[in-house]
Amino acid sequence: MSSWEQRSHYLIEVAQRSLIGHKTFDLCRSHLVAASQISKGTIYNHFTTEADLVVAVACAEYEEWLAAAKRDMQRYPDPLTRFLYHHCYRLHQMLSQQRYVIERVMPNQALLLQATDSYRQRFEKISAEYNRWNRLTISEIGDIPGFNRAELVKDYLRGAMINSDDANRQADDVQLYCQFSYALSQLMGHSDKRIPTKPAFVHWLSHLPSTSAISAV
């Protein structure tokens with residue numbers, strides 16, 4: 001990895017840390033100067049526009065979700081279990097780390113048009129790959145005619161993440177994951193299938209890492 005790439009990763013990590021606990025993306029490139037101890041000129045070279053900063057953070061979030069999805073392919077052979085635990089993990093990470101919910105601002109076509117080509121293309125590529133994983137997993141669970149289940153689930157996930165953050169839900173609330181999984185199974189048209197039980201979620205929570213990637217940086 002080049003020094004340019006290392007600096008870019010570092011600046012994105014600083015941006016993610018700076019957004020912890022925020023409900024709006026109120027971070028500007030100039031704010032990174034004091035937080036990162038890197039010159040304003042260097043930061044502006046990495047992020048030519050303010051939109052670049054937003055898109056860069058979004059790319060990092062989507063890349064993390066996709067990496068988790070790939071791990072879950074090995075961890076959970078059953079597609080329904082895989083899908084539910086994957087998105088429960090995302091919800092847990094957001095709540096436990098007080099991460100900024102990137103779904104508040106992305107995807108956003110108007111903002112993408114303000115970003116430079118490299119950031120826009122990177123986001124379009126990684127988001128398409130992650131959305132493809134979700135669609136294929138839902139299809140593997142079982143396609144149900146009548147509705148676009150992938151779109152229903154996508155809209156629900158966005159709303160659930162934002163609403164859970166707004167309500168300051170607790171990351172160790174077992175009932176939250178039970179309700180979340182129940183809603184997902186209903187939207188996918190698989191209310192007849194067994195979802196993880198409350199004891200299963202208690203066990204799952206007890207085995208999650210206790211430290212966060214962002215706060216540990």
Side-chain angles (χ1 to χ4, degrees), residues 16-17 19-25 57-76 78-107 126-127 129-138 140-141 149-191 193-216:
Q16 289 176 303
R17 284 204 308 270
L19 287 165
I20 288 175
H22 290 220
K23 307 298 186 186
T24 59
F25 199 108
V57 171
C59 287
E61 295 287 333
Y62 273 77
E63 285 166 355
E64 185 175 331
W65 302 344
L66 186 58
K70 291 177 178 178
R71 291 194 301 270
D72 291 335
M73 292 287 289
Q74 305 299 320
R75 191 172 297 160
Y76 305 111
D78 175 66
L80 178 60
T81 303
R82 180 192 317 142
F83 192 81
L84 296 178
Y85 275 124
H86 171 77
H87 288 291
C88 284
Y89 176 76
R90 279 188 54 211
L91 180 59
H92 179 272
Q93 292 296 95
M94 181 270 290
L95 293 172
S96 64
Q97 299 174 14
Q98 294 187 292
R99 297 174 79 145
Y100 176 73
V101 181
I102 200 64
E103 289 94 335
R104 292 182 185 275
V105 292
M106 293 294 286
I126 193 68
S127 62
E129 190 174 353
Y130 183 64
N131 289 334
R132 188 180 309 114
W133 180 86
N134 279 281
R135 288 195 306 271
L136 290 175
T137 305
I138 291 172
E140 190 180 351
I141 295 167
R149 302 288 173 173
E151 282 301 314
L152 287 173
V153 169
K154 184 178 178 181
D155 289 343
Y156 171 75
L157 286 170
R158 178 179 182 274
M161 296 293 174
I162 294 172
N163 292 337
S164 295
D165 184 43
D166 284 343
N168 296 315
R169 298 294 297 266
Q170 297 301 304
D172 60 354
D173 182 357
V174 175
Q175 192 61 31
L176 171 65
Y177 302 105
C178 292
Q179 294 170 345
F180 183 63
S181 296
Y182 174 79
L184 286 172
S185 67
Q186 293 286 321
L187 286 172
M188 288 186 286
H190 292 289
S191 58
K193 293 186 177 179
R194 186 185 179 106
I195 65 174
T197 61
K198 196 169 184 178
F201 277 121
V202 170
H203 178 78
W204 172 74
L205 284 168
S206 70
H207 285 78
L208 290 177
S210 58
T211 57
S212 71
I214 291 180
S215 62

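Along the sequence shown, residues carry numbers from 1.
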Flag side-chain contact, heavy atom, 4.5 Å: [X] against [Y]:
X      : Y      : result
Ile102 : Arg99  : no
Phe25  : Val57  : yes
Leu176 : Leu95  : yes
Phe180 : Ser164 : no

Can you name the residues that form a salt bridge (charged side-chain N to carboxylate O under 4.0 Å, His left out) with [X], not counting sequence neighbours?
X      : answer
Arg169 : Asp173
Glu151 : none
Lys23  : Asp165

| Considering residues at least two apart in sequence or located in another chain, which fulfil the ring-ring contact (aromatic ring centres under 6.0 Å, His included) criterion with Trp133? |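 Counting only residues at least two positions away or on another chain, Trp133 forms a ring-ring contact (aromatic ring centres under 6.0 Å, His included) with His86.
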| Near Gln186 CD, under 6.0 Å, is it more than 12 heavy atoms from other residues, nucleotides or ligands? |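 Counting other residues, nucleotides and ligands, CD of Gln186 exceeds 12 neighbours.
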I'd like to check the side chain to side chain donor-acceptor pair (under 3.5 Å) partners of [X]; sequence neighbours left out, ordered by chain and number.
X      : result
Glu140 : Arg82
His22  : Asp26
Asn163 : none
His92  : none

Partners passing side-chain contact (heavy atoms from CB on, under 4.5 Å) against [X] (at least two apart in sequence or in another chain):
X      : result
Lys198 : Val174, Gln175, Cys178
Thr81  : Tyr76, Asp78, Tyr85
Leu136 : Arg132

Hey, can you pull the donor-acceptor pairs under 3.5 Å for the side chains in residues 153-161, sequence neighbours left out?
from   : atom 1 : to     : atom 2 : distance (Å)
Arg158 : NE     : Glu103 : O      : 3.0
Arg158 : NH2    : Glu103 : O      : 3.3

| request: Would you confirm whether Tyr177, through its side chain, and Asp172, through its main-chain N or O, come within 3.5 Å as a donor-acceptor pair? | output: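 No, because the side chain of Tyr177 does not come within donor-acceptor range (under 3.5 Å) of the backbone of Asp172.
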| query | Looking at CG of Leu19 and CD of Gln98, how far apart are the two atoms once the value is rounded to the nearest 0.5 Å? | reply |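 Between Leu19 CG and Gln98 CD, I get 12.5 Å after rounding to 0.5 Å.
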